[in-house]
Amino acid sequence: MAVNSVLFVCVSNAGRSQMAAGFLTQLSGGSIAVESAGTEPADALNPAVIAAMLEEGIDLRDEEPKAVSPDLLWQVDKVITLGVDLRPLSGGVRFDDWDLPESGGLQLAELRPIRDAIKGRVLTLLAEFNAPAAA
């Protein structure tokens, strides 16, 4: 399956979707265009999310939560939701949902298992796309 672009969407765009986007960007070696957005964007990323991703060598310090729009949904090849219902916005766009715990307000130790689960799902996603994971 040839996929050139992926959008990850959660509620606040301050945790799970940002982690997923960071992993896919890194692990695809930049071969896939990656976006993340939220239905109700927060003011800033959860600092513990930034710390958890820095442990993986991924720097999210310059990322800012942004809102999802119907236009953005139609501009990408694949949409993956993380605990948010996009049906009111989607207008027929097909999306997959990754059922993962909410990351808002969690501390670093509590975030690590969610981060690791997201990394595993991104690796599976790359395999589904027949795209090798970057070293």
Undergrad: Check side-chain hydrogen bond (donor to acceptor under 3.5 Å, both in side chains) between Asn13 and all other residues, then give those that pass, not counting sequence neighbours.
TA: Ser17, Gln18, Ser36

Undergrad: Are the side chains of Cys10 and Arg16 in contact, using a 4.5 Å heavy-atom criterion?
TA: yes

Undergrad: Can you give the donor-acceptor pairs under 3.5 Å from side chains of residues 107-118 to other protein atoms, not counting sequence neighbours?
TA:
| unit_1 | atom_1 | unit_2 | atom_2 | d |
| --- | --- | --- | --- | --- |
| Glu110 | OE1 | Gln107 | N | 2.7 |
| Arg112 | NE | Glu55 | OE1 | 2.9 |
| Arg112 | NE | Glu55 | OE2 | 3.4 |
| Arg112 | NH2 | Glu55 | OE2 | 2.6 |
| Arg115 | NH1 | Ala52 | O | 2.9 |
| Arg115 | NH1 | Glu55 | OE1 | 2.8 |

Undergrad: Where the side chain of Ser5 meets the backbone of Asp77, is there a donor-acceptor pair that is under 3.5 Å apart?
TA: yes

Undergrad: How far apart are the closest heavy atoms of Ser12 and Pro65, and which atoms are they?
TA: O-CB, 3.6 Å

Undergrad: Which residues pass the side-chain hydrogen bond (donor to acceptor under 3.5 Å, both in side chains) test with Ser103, not counting sequence neighbours?
TA: none

Undergrad: Given side chains that start at C-beta, do those of Leu24 and Leu126 come closer than 4.5 Å, heavy atoms only?
TA: yes

Undergrad: Apply side chain to side chain contact (heavy atoms under 4.5 Å, CB included) to the pair Leu60 and Val49, showing each step before the final yes or no.
TA: CA-CA 8 Å; Leu60 298 180; Val49 166; 4.2 Å; yes

Undergrad: Step by step, work out the side chain to side chain contact (heavy atoms under 4.5 Å, CB included) result for Leu7 and Leu73.
TA: CA-CA 7 Å; Leu7 169 65; Leu73 293 173; 3.6 Å; yes

Undergrad: In the structure I gave you, are the side-chain heavy atoms of Val9 and Ile80 within less than 4.5 Å of one another anywhere?
TA: no

Undergrad: Taking atom CE of Met19 and atom CD1 of Ile50, what is their separation to the nearest 0.5 Å?
TA: 11.0 Å

Undergrad: Does the side chain to side chain contact (heavy atoms under 4.5 Å, CB included) test come out yes or no for Val6 and Phe8, once each step is laid out?
TA: CA-CA 7 Å; Val6 174; Phe8 294 100; 3.8 Å; yes

Undergrad: Is any side-chain heavy atom of Phe129 less than 4.5 Å from a side-chain heavy atom of Lys78?
TA: yes

Undergrad: I'd like to know if the side chain of Glu56 and the backbone of Ile58 have a donor-acceptor N/O pair within less than 3.5 Å.
TA: no

Undergrad: Any side-chain heavy-atom pair from Leu86 and Val79 closer than 4.5 angstrom?
TA: yes

Undergrad: Any chance CD of Glu102 has more than 12 other-residue heavy atoms, nucleotides or ligands included, within less than 6.0 Å?
TA: yes

Undergrad: Atom CD1 in Ile32, atom CG in Asn4: separation rounded to 0.5 Å?
TA: 8.0 Å

Undergrad: Distance from Arg61 atom CZ to Glu64 atom CD, nearest 0.5 Å?
TA: 14.5 Å

Undergrad: Test Leu82 against Asp97 for side chain to side chain contact (heavy atoms under 4.5 Å, CB included), laying out the working first.
TA: CA-CA 6 Å; Leu82 297 110; Asp97 185 62; 5.5 Å; no

Undergrad: Do Leu54 and Asp59 have side-chain heavy atoms sitting under 4.5 Å apart?
TA: yes

Undergrad: Are the side chain of Arg121 and the backbone of Trp98 linked by a donor-acceptor contact shorter than 3.5 Å?
TA: no

Undergrad: So does Ser28 get a backbone contact from the side chain of Ser31, meaning a donor-acceptor N/O pair under 3.5 Å?
TA: yes

